[in-house]
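Before any comments, here is the structure.
When reading the values below, keep in mind they use all heavy atoms of this one structure, side chains included, and skip hydrogens, waters and symmetry mates.
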Amino acid sequence: MKADPAEDRDAPGPWPVVPPPLPGEILTSWLQRMASVYGLVIVELLGRHHRLTGGWPLAGAAPQADDLAWLSDKTGYSFETIRAMTPVSLVPVLLDGFAFPQANLAHCIDRFGLLTRLGRPGARKETAPWIDTQWIGQWGCVGCLEEDPLPYRRFIWDLPWMLTCPRHGTFLRRVLVWPGRGWMPTAPAIARGRPDASLVRLDTLTLEAVTRGSVALTHTMIEGGTWVRLLRAALEEVCRFAQDTSALGNRVADLWTEAGFRQPWGAVRELPYEFLSHAHKVQVMLVAALAIDYAQSLVTDWMEGPMALMLTPGADLGDAHK
């Protein structure tokens, strides 16, 4: 007969059976596996602490400290171990926050713009630069799931600025995962065929930022948080920068041509990255990869932004972080 922690939900001390977290597992996946041990769903397992299942990364949904402390008591795992399975662990190391004004997109671009000087192009929508409610919990790597003795959801799959699995060199695919029990694909991959090598290389750097806390670039090494903010600003700039006759405007247009796409205009150019279709996400990411590659080369005279300095060997960083 299975033990039922729901009968003693608020009593002190750990639950009798707690499966160990798996490498890179996101908290909700672990909780689902734990609940299934007792024949429960997550809400029944957690009771009044159901806030732990609040969707990520919605503003205000990051787990509260008291909920994490309660779960630590019930599972026997440290507060720090459990917190590391949640998005709140990325703040402020990689992300500024989940609510305004810290998570304001224009604020991110102003501080970490690669192509353009402060205040340009400026965000037209009040959106945090890492919140994509259409992405969360829906994407995964088929290769990883096929190798899993126990299928589970990875933390990195919920990051909307990673479109591929660097380990398998494939696009992520929309999948339904029952942690610890099974999984099935529910839609084709984000794009056909294998992703361009530049896209996999870009996602590899993002994976390094999230898992190691630093990124090794061609001429230098930067903090993981710097990389995430740089990438997010570059995604916005290459999509939003208006076509004009300036040297910079022509160069951004050339990036789109070199990547094999038309530079977006109209409604598409008005939308933040998180609001774009999957096809447009891929295009913007590929163009951003080109921009960052050029920034790492010695030919950076067409870039204006403070982050171009941070990717240039021997540069005086000065006030770039301010």
Taking ring-ring contact (aromatic ring centres under 6.0 Å, His included) as the definition, give me every residue that meets it alongside Trp227, ordered by chain and number, with sequence neighbours left out.
none

Is it possible for you to check whether Arg192 lies under 6.0 Å from the centre of the six-membered ring of Phe171, through NZ or CZ, and within 45° of that ring's axis?
no

Side chains of Glu147 and His168: do they bring a donor and an acceptor to under 3.5 Å?
yes

Check: residues 210-217 side-chain donor-acceptor pairs under 3.5 Å, at least two apart:
| unit_1 | atom_1 | unit_2 | atom_2 | d |
| --- | --- | --- | --- | --- |
| Thr211 | OG1 | Leu207 | O | 2.7 |

For Arg153, which residues count as a side-chain contact (heavy atoms from CB on, under 4.5 Å) partner, sequence neighbours excluded?
Ile26, Ser29, Trp157, Asp158, Val175, Val177

Centres of the Trp265 and Trp256 rings: under 6.0 Å?
no

At their closest point, which heavy atom of Tyr77 faces which heavy atom of Thr81, and how far apart are they?
CD2-CG2, 4.3 Å

Is Arg201 salt-bridged to Asp293, going by a charged N under 4.0 Å from an acidic O?
yes

If you group Ile, Leu, Val, Met, Phe, Trp and Tyr whenever their side-chain heavy atoms sit less than 4.5 Å apart, what else falls in with Leu176?
Trp178, Met184

Ignoring hydrogens and angles, state whether a donor on the side chain of His278 or Arg174 is under 3.5 Å from an acceptor on the partner side chain.
yes

Using the test side-chain contact (heavy atoms from CB on, under 4.5 Å), find all partners of Ser72 that sit at least two apart in sequence or belong to another chain.
Ile82

I'd like to know if Glu237 pairs up with Arg232 as an ion pair, taking the criterion as any Lys NZ or Arg NE/NH1/NH2 lying under 4.0 Å from an Asp or Glu carboxylate oxygen.
no

Taking only residues two or more places apart in sequence, or in another chain, which ones meet Asp67 in a salt bridge (Lys or Arg N to Asp or Glu O under 4.0 Å)?
Arg51

